Structures are given as structure tokens and as C-alpha cells.
Chemist: 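Dropping a structure here in C-alpha cells format, bear with me for questions.
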2 protein chains.
Amino acid sequence: MAQTSPQYRYGNRPTMKDVAARAGVGLKTVSRVVNGEPGVTPDTERRVQDAITALGFRRNDSARILRKGRTASIGLVLEDLADPFYAPLNRAVEEVARAHGALLINGSSAEDPDRERELALAFCARRVDGLIIIPAGDDHRYLEPEIAAGIATVFVDRPAGRTAADVVLSDSFGGARDGVAHLVAHGHRRIGFIGDQPHIHTATERLRGYRAAMGAAGLPVDESWVSLGPTAPERVRAAAEAMLCGPRPVTALFAGNNRVTVTAVRVIAAAARPVALVGFDDFELADLLSPGVTVVAQDAARLGRTAAERLFRRLDGVVEAPRRVELPTRLIVRGSGELPPAES
Amino acid sequence: MAQTSPQYRYGNRPTMKDVAARAGVGLKTVSRVVNGEPGVTPDTERRVQDAITALGFRRNDSARILRKGRTASIGLVLEDLADPFYAPLNRAVEEVARAHGALLINGSSAEDPDRERELALAFCARRVDGLIIIPAGDDHRYLEPEIAAGIATVFVDRPAGRTAADVVLSDSFGGARDGVAHLVAHGHRRIGFIGDQPHIHTATERLRGYRAAMGAAGLPVDESWVSLGPTAPERVRAAAEAMLCGPRPVTALFAGNNRVTVTAVRVIAAAARPVALVGFDDFELADLLSPGVTVVAQDAARLGRTAAERLFRRLDGVVEAPRRVELPTRLIVRGSGELPPAES
DNA sequence: TAGAGCCTGGACAACGTTGTCAACTCTGGG
DNA sequence: CCCAGAGTTGACAACGTTGTCCAGGCTCTA
């Protein structure tokens, strides 16, 4: 059949009514064809299909959602879409969503609790079926009406604040403890810790791991060896340099996350004497630096996948108490942690 | 006022009607309060607000969208959310969207034209106001009804196929030409080119730049020095090793994108003799490898920002012919390109 | 040939919101 | 005391879809 010239009306799209009129059938018949429902003769179906292509019709999902209740979409609030640690997590969530036929809406909180809240609630207004949140704030009571109303919610990477909900975490404490123990095992006695801001759960957990390892080895911790704060390069650089040049200089550094590690590598590369380093989070090419950077690796993709699967299980109707899942970390030894201390 | 216990009904959220009933006002008055419209006495407003918090009401944006026509959301189809090159682009688009009060829906095409199409059309069904697409396929006529119906569309990183639309690109040809010329200037005569799959526009453009630089220097190109294909490490590794060990081994490599560069760095690090390298796309820590990797850098964030700004300009009603914007690249010299050829 | 049952198709209400418009209340002036 | 005008408020339709339900035509059987 020759396709007649499409009759688009700008900003005024054809609806099922238009298609029905053109095909000379009823409204519901068009709906049936569009949704592949049974009960339409092949001939009628073809007439409808022709009308659809001729008019350039596309179903309006807003109306559909309004009618059906479910939106087949989930929202993801993370810290920074562009962070190399969160990007794979994002992708993993997307894959799981796709496998369940859902779309993904996402946004970066930039560590701002207000922005996190704003994003999460905007997603709720869109009536996403579920939410995955990497918390920036530490009070998530604002989500209670939403959760009660049926929006499944899973927190990742950091626990929710003041709210019972599913959480998927990495073992920050254990990972940091093992990483620091590795440095201790190689003879280091004065080890610095540079981490993220103290209100971030993973930052304090890792610091706790650091203290645990030091304590277990009977090593005192000079408070000038500990620095928490923003991961901006300038801040980290200043902190590292202070530790390396202070009155009681450290011989090794433990970096609290991937952003810190990257800056630490730069500082150490420029340092007068070799400094051992272990970083939390693996990163691309870590093995090609010299020495290769020893890291405590967490599996960001698995974190995302686990959270998303948990979310969809809830959406599928599984009812159980909120659970806390903790994924193990893995120490990847590459050399930078094995440097002997410059002095005993 | 004491807050009465919330009366959430699971899966059956309160609507404006419920709020109106509880506050003892009309439906429209609730709407006015929710949207901050004028013409409501402070007393009435407070009654409504109380009812809202008591019921845990949140406006249903699906219904709102249906009624208003505009969705205040845009869709972004990219190749891979987790790719370190696209992640900043993604973030930049998000920032611009946010500045315009729009949400971002996104998805990865994984270089699959069908998946690109599926995602883009799903976004259209959601009635996004605009689309930003990093094309995987080379035929975008499927979008014509959508564009005609008013969905603004901008293509980024690669041009649209068979459709007139705004495009924002990096200067792949010029960048590759300059990068290769840099190698030539350092005495290299036999230079390999490893790029992405031939159906990808940027891949062929960069190859064209390579050929142009070689031609301009009067250097013949042995076809065994050119390899296009998937950027999977195995494929790139095999290609690089073949070029380094072949009958006419190359003394330098030009890597067609960030994925290729990373693998090339690994191969070269393990090679018997030094091999010069220039890569397209900058990457983190490129300066800390030894030697530092010389790259042709494109500004992914700027690419995304430019595209998004263009999109919103169209959404603001600016009418003009589709335009092609080409952003310059920048050669960042770090050392790996300056290695002399092993032999003349 | 009548009756039962199936298949196809369509009329209509409902989802939750916003725009239109009319009605109402209150103030102040004549 | 009435009226104009301003300021509030609410009734109602509409947005585009889907679920429910019924009508009409057909086939099949007795």
C-alpha cells in the first residue's frame, strides 16, 4: 500500500482516536492492536497499522501510566554520574532494569542532601516503581510516605538514615583494616589515613578499619596522620604533603577512596623518598603505574546489580523485612604497598 | 497543630481529591496550593498543607504531564553509561537539564542500532521534551515522525544518518591528523592505526586523519598497519602485537579511542623495544605512566554541554536550520609520542 | 432452522491533574 | 441600603489511555 504523506500536526500528536477515525474502527480496537492484544482479525489489524504509520502515531505513555498505575521505570540517585566508581554501578543498575523492561531515570546529588531529596522526590512524583539511592544525607525520613505508598527503595554504598530499608554495602571496615594491615605487615609503623568527609558513612567506616588495624598491631596513631575532608585534589594534596613533611612523617599512606588515591599517587610520585600506598577502590591502569598501586577493590557493578535485583524482587511482590547485604572487598597486591619504610 | 497519624493506603495513594475532602475545600484549591498559584488565603493554604502532610500526598506528575503536554524531561541515549569518556558527557547533560528544571532519562545502546532505536522511541513514548543521541546506527529516519511532532533532537559525537538534525562533534579528522603528524615529526615512518569498528563515524574520520597525515608527509601506508574493529582488549591486543611483530613492524602506534589506548599501553609496556604512542581521548593518570601518554584530547563535558544547550534553545522556541557544530581537539604532549623510532 | 456459544468490535467510564469560567464573599463608596 | 469591583473558591470538562461490558455477526450443533 502506498504510504500517504504523513499529516503531522506540530505539537499536537495524533491519538488513538485519530488512528481509529482514519482506520474506520473503534478506539478500543486501536488499543488492542497497539498492545498486541488478541481478538483482532488480521485484516482489521492491517488497516490499523497502516493508519498508525500514516499518522506517525506513538502511544502516549503518560496516559497509559496514569491509567495502569505502574510506570515501568526506576529512579537512581547517585553521587556523581561521572565518577569512575559510580559509573559502572549506574550501568549495572541499567542492565537489570532493562532486563525487567524498565527505564532508568537518574541524577547526581553531588553530595548535597537537599539535592538528593529533591531528586528522589521528583522521581516519586513521576511515580517510579522503585528507587535506588546512594545517600548523600543521613536522614531519609522524608521518604517514609513514599515507601509506605508502595515505592520500593534500596540504598546502596551507604546505609539509610533513620529509616528501615534494604541496604547493599561494601565491607568498608574490613577492607580498610586489611589494607592497612598489609602496610603494617611490610614494616610500616607510621601510616597516614586520608579519607572523604566525616559525615559520609564509608569514610568513617574506613577510618575505623584503619584504627582497628593499627590497634591490632599495637601501633599508636598520631592524630596528625588522619585527615578527613573533601576529595578535591587541593585538599588531599595539602593533607598528604603535611603528613609526609611533618615532625613525625609517615612512611605509608592509606587512601580512603578512588579520588583520594589518584591525588595521592601524584603527590607520592613527586616525593623525595618512596612512600608506600594502598588505596580503597580499584582503578584502571593501576597496574601500569610504577610501582603498581595496591588497592582494596570493591565491585561497583556487583553493588549496583545486587541492589537492583533486590529492588525488583520487592517489585515482584516479595515481602520480607529490610535486609542489609554486605559485599566483601578484595585486596589486590601490586607493589605500592610493599615498599619498605624508609627508616625503621 | 498535632500531626495526626498518616493514613497511607498501600498502592493507592491519596489524590488531590482526598486532600480536598480532608481539608474541606475544593479540588482546584488544592491544585492551587500545590502549584503555588496565587489567590488562596493563608488560612486556607495552611489547612490544605496540613491535609497534604497528614495524607502523605505527592502530586502525580503523570497526570500533570498528560494535562499540560510538557514533561520537563529529556532523554539521552549513549553508548555506555560506564565508559569513562561518556560519563562526563552524561554528567554535563544532566547539569544543563537541571538548570532548566528538567529530569534526565538515559540508557546505553551498547553500539546496537536496534537498542538505540528501542530506547529513543521508548523515551518518545514517555513524551520527553527532547532527545540527545549518540548514534549507534546510521539510519535515523525512524525519528522523523517524532521530530516532526515536536520532540527536539540533537546528535552528539557522531552525525545522524539520513536525517537533518543538529549535530555536535569533535574534530576527529583534524585531531587524528595532528596526532599522527606529531609522530611523523619525531621521525616515525611506520605508524600503526588501531581504531573502532568501521561503521562508526568517528573511527573512519580518525582513520582519514591518519591517512591524511601520512600522505602529507609522503609516507606510504602498508595496509597491515591499519586495523579497525571492536575495542575489546583481546582484539586490540592481537592487532597491536601483529603490527609490532609483522614483517614490516611499526615503530609507533596511533590509538583511535580511549579503550584502544588503554590496551595499547599495556601491550607496549610488555614490548621488547620502546614503541611510541599517541592516543585519541585523554584519560586519568595518563601523565603518571612512564612515559606519560601523549593524547589528542576532546572535551567530553563540553560536547555534552553544547548539545544540551542547543537542545534547550530549541525547546525555548528558537527556530533555525539544523546546525553542525564541530569542537576542536587539543594535542597534549606527554612523552610517549616523542620516543625516537628504534631504527631509521 | 433454532439455539448456543464464540469471536470481533465499540461505547463508556475512569485514572489524577489543570484550565476555564462562573459563583460567591467581602469591602468601600455613593 | 445597594452596587461595583476585587478577591477567593469550586464545578466541570478535558488530556489519552485502558478495563469493563455489551452488541452484533458468525459458526456449529441438534
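Source: prediction; values computed, not measured. Just so we're on the same page: letters track the sequence lines, and every chain starts at 1.
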Chemist: Within this structure, what is the CZ-CG distance for the pair A:Arg158 and A:Asp138, rounded to the nearest 0.5 Å?
Modeler: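 A:Arg158 CZ to A:Asp138 CG: 11.0 Å, rounded to 0.5 Å.
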Chemist: Could you check how far NZ of B:Lys17 sits from P of C:dT18, rounded to whole Å?
Modeler: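 Roughly 15 Å, once rounded to whole Å.
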Chemist: Using side-chain heavy atoms (C-beta onward) and a distance below 4.5 Å, is A:Leu131 in contact with A:Phe123?
Modeler: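 A side-chain contact under 4.5 Å exists here.
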Chemist: Which residue, B:Arg127 or B:Val30, contacts DNA chain D at a nucleotide closer to its 5' end, judged by nearest heavy atom?
Modeler: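 Final value for this comparison: B:Val30.
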Chemist: Please determine whether any donor N or O and acceptor N or O are separated by less than 3.5 Å between the side chain of A:Lys28 and the base of D:dG19.
Modeler: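 Yes.
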Chemist: Side chain to side chain contact (heavy atoms under 4.5 Å, CB included) for A:Leu143 and A:Arg117? Distances and angles first, verdict last.
Modeler: CA-CA 8 Å; A:Leu143 277 174; A:Arg117 188 188 137 108; over 6 Å; no
Chemist: Is there a side-chain polar atom (N or O) of A:Thr44 under 4.0 Å from OP1 or OP2 of C:dT8?
Modeler: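 No, because none of the side-chain N or O atoms of A:Thr44 sits under 4.0 Å from OP1 or OP2 of C:dT8.
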Chemist: Does B:Thr29 have a side-chain nitrogen or oxygen under 4.0 Å from the phosphate oxygens OP1 or OP2 of D:dG10?
Modeler: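 Affirmative; the distance criterion is met.
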Chemist: Looking at D:dT18, D:dT17, C:dT18, which one has an atom nearest to any side-chain atom of B:Arg59?
Modeler: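 From the listed options, C:dT18 comes nearest.
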Chemist: Does a donor on one side chain sit under 3.5 Å from an acceptor on the other, for A:Asn35 and A:Arg59?
Modeler: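 A:Arg59 and A:Asn35 do have a side-chain donor-acceptor pair below 3.5 Å.
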Chemist: Rounded to the nearest angstrom, tell me the gap between atom CD1 in B:Ile65 and atom P in C:dG16.
Modeler: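 Atom CD1 in B:Ile65 sits about 15 Å away from atom P in C:dG16.
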Chemist: Between atom CG in B:Leu55 and atom C1' in C:dG16, what is the gap in whole Å?
Modeler: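 That distance rounds to 15 Å.
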Chemist: From D:dT9, D:dT18, C:dT18, pick the nucleotide closest to the side chain of A:Arg67?
Modeler: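 Selected nucleotide: D:dT18.
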Chemist: Between atom CZ in A:Arg47 and atom C1' in C:dT8, what is the gap in whole Å?
Modeler: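 For the pair A:Arg47 CZ and C:dT8 C1', the rounded distance is 12 Å.
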Chemist: Starting at atom CG of A:Asp43, determine the distance to atom C1' of C:dG9, rounded to an integer number of angstrom.
Modeler: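 Taking CG of A:Asp43 and C1' of C:dG9, I get 13 Å after rounding.
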Chemist: Which whole-number value in Å describes the distance from B:Leu27 CG to C:dA22 P?
Modeler: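 After rounding, the reported distance stands at 19 Å.
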Chemist: Just call it for B:Val34: base, sugar-phosphate, or nothing, with non-hydrogen atoms closer than 4.0 Å on any strand.
Modeler: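 If one applies the 4.0 Å heavy-atom cut-off, B:Val34 turns out to touch nothing in the nucleic acid.
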Chemist: Between the side chains of A:Thr153 and A:Glu146, does any donor sit under 3.5 Å from an acceptor?
Modeler: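 Result is no, nothing qualifies.
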Chemist: Report yes or no: is there a donor-acceptor pair, N or O only, under 3.5 Å between the side chain of A:Arg32 and the base of C:dG10?
Modeler: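 Yes, a donor-acceptor pair under 3.5 Å.
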Chemist: Please work out which of the three classes, parallel, tilted or perpendicular, describes the rings of B:Phe312 and B:His100, given edges at 30° and 60°.
Modeler: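 B:His100 and B:Phe312: parallel rings.
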Chemist: Between B:Thr41 and D:dT8, is there a contact of a side-chain N or O with OP1 or OP2 at under 4.0 Å?
Modeler: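 Checking B:Thr41 against D:dT8: no side-chain N or O falls below 4.0 Å of OP1 or OP2.
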Chemist: Counting side-chain heavy atoms from C-beta on, which of C:dG9, D:dT9, C:dG16 comes nearest to B:Val40?
Modeler: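 Output: D:dT9.
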Chemist: Assign B:Asn35 to base, sugar-phosphate, or nothing according to its heavy-atom contacts below 4.0 angstrom with the strands shown.
Modeler: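 Sugar-phosphate: the residue B:Asn35, judged by heavy atoms under 4.0 Å, touches backbone atoms but no base.
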Chemist: To the nearest Å, how far apart are A:Leu66 CG and C:dT18 P?
Modeler: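 Computing the A:Leu66:CG to C:dT18:P distance gives 12 Å.
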Chemist: Between C1' on C:dC7 and CD on A:Glu37, what's the gap in Å once rounded to a whole number?
Modeler: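 Going from CD in A:Glu37 over to C1' in C:dC7 covers 15 Å.
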Chemist: When you get a sec, tell me which of D:dT17, D:dG19, D:dC15 is the closest nucleotide to the side chain of A:Met16?
Modeler: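 Within the option list, the nearest is D:dT17.
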Chemist: OP1 or OP2 of D:dC15 versus the side-chain N and O atoms of A:Asn60: is any pair under 4.0 Å?
Modeler: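 For D:dC15, OP1/OP2 do not have a side-chain N/O of A:Asn60 under 4.0 Å.
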